[in-house]
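Notes to accompany the following structure.
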Amino acid sequence: MSSSKSRSEIWEEWRELVNMAPQELEDWLNTDESKSVGDNDRGESTGHKSGRRIVTIKRTKKDDLGGDQWDHMASVVGYIKRHLSQGGPQEDVETSAWRYSLLNWGHDPLK
């Protein structure tokens, strides 16, 4: 899936929206809360799997990123934007499935 955006556009949005450090995201992905959300028909959810890819991408130098990584970055940006546009819960945001899903995709809406 190739994005219609340029790599510089993807990079800017990625830097803005993926606001968790690699270790922070990795620690989150190891929690039961992280594993409790998402489409989960066969083991690992899409968001959880994406989170592991995000950790790898964030630990890769920009110049060393491959085409499939750029495509995934564009998908991550799109997911985060769509999820944020739905708006979160009015109460208990911190422990909401809405926030947990975003955290799996590398975005903490409370930051």
Side-chain angles (χ1 to χ4, degrees):
M1 170 180 67
S2 200
S3 174
S4 60
K5 294 181 181 179
S6 71
R7 286 189 174 179
S8 62
E9 289 173 301
I10 294 167
W11 183 254
E12 288 307 310
E13 290 181 324
W14 168 267
R15 301 256 334 236
E16 178 187 331
L17 293 170
V18 182
N19 64 1
M20 294 173 73
Q23 189 62 55
E24 181 184 17
L25 178 52
E26 206 166 49
D27 291 347
W28 163 253
L29 291 171
N30 287 323
T31 67
D32 289 339
E33 292 84 357
S34 167
K35 296 169 187 158
S36 73
V37 294
D39 56 341
N40 206 349
D41 8 321
R42 285 177 254 107
E44 187 176 30
S45 74
T46 304
H48 200 271
K49 194 178 296 178
S50 174
R52 290 188 299 105
R53 284 190 76 187
I54 291 166
V55 169
T56 300
I57 290 169
K58 288 201 76 145
R59 289 185 171 146
T60 303
K61 290 185 180 138
K62 182 180 177 185
D63 291 341
D64 295 338
L65 292 169
D68 62 324
Q69 289 175 309
W70 282 102
D71 288 346
H72 189 66
M73 290 165 68
S75 296
V76 169
V77 164
Y79 176 85
I80 293 170
K81 284 180 156 186
R82 282 190 309 279
H83 209 65
L84 289 173
S85 73
Q86 295 168 3
Q90 298 304 309
E91 297 176 358
D92 302 324
V93 173
E94 193 169 334
T95 56
S96 67
W98 178 81
R99 177 172 178 250
Y100 289 175
S101 291
L102 281 166
L103 289 169
N104 281 352
W105 289 80
H107 178 82
D108 187 345
L110 299 181
K111 281 189 175 187

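What you see below is based on every heavy atom in this structure, not just the backbone, and it leaves out hydrogens, waters and symmetry mates. If you're wondering where the values come from, they're calculated on a predicted model, not measured in any experiment.
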Checklist entry - Closest heavy-atom contact between Lys35 and His48? => result CG-NE2, 3.8 Å
Checklist entry - With no hydrogens and no angle check, is any side-chain donor or acceptor of Asn19 less than 3.5 Å from a backbone partner on Asp108? => result yes
Next on the checklist: Ring-plane angle category for Trp70 and Trp11, please: parallel below 30°, perpendicular beyond 60°, tilted otherwise.
Outcome noted: tilted
Checklist entry - Which value, rounded to the nearest 0.5 Å, describes the distance between Leu17 atom CG and Lys81 atom NZ? => result 6.5 Å
Checklist entry - Hey, is the main chain of Gly66 close enough, under 3.5 Å, to the side chain of Gln69 for a donor-acceptor pair? => result yes
Next on the checklist: I want to check something: taking the side chain as every heavy atom from C-beta on, are Met73 and Leu65 in contact at a cut-off of under 4.5 Å?
Outcome noted: yes
Item to check | Lys/Arg N to Asp/Glu carboxylate O, Glu26 vs Arg59, below 4.0 Å | outcome: yes
Checklist outcome for this item: Between the CD atom in Glu12 and the NZ atom in Lys5, the distance rounded to the nearest 0.5 Å is 11.5 Å
Item to check | Val55 and Gln23, any side-chain heavy atoms less than 4.5 Å apart | outcome: no
Item to check | Within 6.0 Å of NZ in Lys111, more than 12 heavy atoms from elsewhere | outcome: yes
Checklist entry - What residue among Asn30, Thr31, Asp32, Val37 forms side chain to side chain contact (heavy atoms under 4.5 Å, CB included) with Ser34? => result Thr31
Next on the checklist: side chain to side chain contact (heavy atoms under 4.5 Å, CB included), that's the test. Do Lys58 and Leu25 meet it? Break it down for me.
Outcome noted: CA-CA 10 Å; Lys58 288 201 76 145; Leu25 178 52; 5.7 Å; no
Checklist entry - Parallel, tilted or perpendicular for Trp28 and Tyr100, by the 30°/60° rule? => result tilted
Item to check | Polar side-chain atom of Ser50 near backbone of Thr46 as donor-acceptor pair, under 3.5 Å | outcome: no
Next on the checklist: Can you confirm whether Val77 sits close enough to Glu16 that some side-chain heavy atom of one is under 4.5 Å from a side-chain heavy atom of the other?
Outcome noted: no
Item to check | Straight-line distance of Leu110 CG to Glu94 CD, nearest 0.5 Å | outcome: 6.0 Å
Checklist outcome for this item: Taken in chain and number order and not counting sequence neighbours, the residues that satisfy salt bridge (Lys or Arg N to Asp or Glu O under 4.0 Å) with Arg53 are Asp68
Item to check | Residues, nucleotides or ligands: over 12 heavy atoms within 6.0 Å of Arg15 CZ | outcome: no
Checklist entry - If you measure from CH2 on Trp14 to CD1 on Ile80, what distance do you get to the nearest 0.5 Å? => result 7.5 Å
Checklist entry - Between Tyr79 and Ser101, which heavy-atom pair has the shortest distance, and what is it? => result OH-CB, 3.6 Å
Next on the checklist: Within this structure, what is the CG-CZ distance for the pair Asn104 and Arg99, rounded to the nearest 0.5 Å?
Outcome noted: 11.0 Å
Next on the checklist: In the structure I gave you, are the side-chain heavy atoms of His107 and His83 within less than 4.5 Å of one another anywhere?
Outcome noted: no
Run the side-chain donor-acceptor check on residues 84-93: report pairs under 3.5 Å with partners two or more places apart or on a different chain.
{"residue": "Ser85", "atom": "OG", "partner": "Arg82", "partner atom": "O", "Å": "2.7"}

